[in-house]
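Positions are given from 1, in the same order as the sequence printed here. Heavy-atom basis, side chains included; hydrogens, waters and symmetry copies ignored. Order of listing sets the numbers, starting from 1, for every ligand and every atom in it.
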Amino acid sequence: MSRSFVEVAPDSHFPLQNLPYGVFRPRAGGPPRVGVAIGDFALDLAALDEAGLLAGTGAEGRGLFDRPALNALMAADRPTWRALRAALTRLLGADEPALRDSPALRDAALLPMAAVEPLLPAEVGDYTDFYSSRHHAANVGAMFRGPDHALPPSWLHLPIGYHGRSSSLVVGGTPVRRPRGQLRPAPGAGPGFGPTRQLDYELEVGLFVGPGNPLGRPVPIAEAEEQIFGLALVNDWSARDIQAWEYQPLGPFLAKSFATSLSPWVVPLAALEPFRVPGPPQEPAPLPYLRQPGPGSFDITLEARLNGELICASNFRHLYWSMAQQIAHHTSGGCNLRPGDLLASGTVSGPTPESRACLLERTWRGSEPLRLACGERVWLEDGDELALTAWCQGDGYRVGFGEVSGRVLEAL
Ligand code: MN
């Protein structure tokens with residue numbers, strides 16, 4: 001098994017096999033830069049580039065790393081990503097002296113995680129949120145429309161999504177203010193305006209778009225994965241009472257636009273390859289433009305914790321629609337995707353009660369409250385901290401996503 005000269009604990013999310021990309025600012029000062037996570041360190045790629053250690057990758061000398069966002073690197077092509085990843089794997093390997101045996105370079109480039117402030121990884125131009133877990137869609141549909149009309153008629157034919165708000169994306173650790181909005185305090189009552197009483201989270205995984213496609217030129221499904229730069233965790237905070245009152249007929253609006261949290265480290269698709277698995281069988285068969293050759297899902301364990309206590313254990317493989325299908329569908333009408341666009345999966349609920357990946361489902365709209373050490377919960381309360389984490393379990397190592405957390409602040 002390949003090892004790094006940097007010590008990495010077996011349960012660390014960031015072994016040599018992962019090398020997720022992120023953007024950080026050294027707490028000691030200085031501008032933001034692009035790096036990768038290795039064990040408990042962040043490796044400054046701008047410093048490596050300046051030292052000439054990225055020569056021959058196609059990424060060197062282009063100013064890709066001295067930046068406050070990953071967009072320029074995302075806009076590069078897959079051969080560049082591949083060559084850069086190979087160079088970083090070699091430079092961090094136990095047998096490679098270039099970085100290992102240079103104390104000055106190590107001091108400059110290898111910063112303890114505690115010494116850096118993680119930033120939002122990309123400038124997200126457009127953010128799309130899908131609805132791709134059949135379990136989630138069926139549960140929510142059954143609650144609001146009854147079991148006979150749980151899935152909308154198009155659900156099994158196309159990956160449903162809506163256009164999210166990118167301006168309110170925040171990096172993990174950022175507190176989230178309870179929104180005020182228009183809602184009905186009781187079923188049938190007239191609307192009022194006030195703090196949401198039904199604040200929820202949604203456990204999701206998002207993909208970052210790489211090079212993108214020109215306007216008017218759909219991405220064929222066989223080429224769709226070439227557009228995926230990497231994956232991160234997404235918490236799609238949701239105000240259910242605001243959502244229930246506003247969502248028809250155009251979908252969620254202010255119920256979700258107040259904040260969406262992102263994990264800071266973006267796991268490259270290449271690091272997930274060993275964990276590729278088939279998704280659920282699709283019946284009826286999708287139309288030809290949505291037929292993916294080969295398995296399109298990944299075995300990624302997903303967890304949510306409320307004030308430290310496990311409230312959801314799910315897996316990315318439960319998603320009905322794959323990322324390639326989402327990209328092929330998204331672009332099928334000619335819509336262009338751009339570097340750094342975010343496509344989130346939708347709530348990744350699985351088949352069991354424990355795998356229901358938001359409180360709306362987990363408490364069945366409040367009829368089954370959670371009994372936790374911090375007290376009984378139906379919805380999130382002020383001061384609550386919600387944290388998502390995810391990882392793939394390899395043989396003696398984990399390819400992990402780190403964590404995305406947020407504490408709820410009282411309404412203003
Ligand atoms: Mn969502």
Rounded to the nearest 0.5 angstrom, the CD-NE2 distance for Gln227 and His330 is 12.0 Å
Taking the N/O/S atoms of [X] one by one, which is nearest to the Mn ion (ligand 1)?
X	value
Glu204	OE2
Asp236	OD2
Asp129	OD2
Glu202	OE1

Side-chain donor-acceptor pair present, His329, Tyr289, cut-off under 3.5 Å: yes
Do Thr389 and Glu403 get their side chains close enough for a donor-acceptor pair, meaning under 3.5 Å? no
Examine Arg165 relative to Phe253 and say whether NZ or CZ is less than 6.0 Å from the centre of the six-membered ring and inside a 45° cone about the ring axis. no
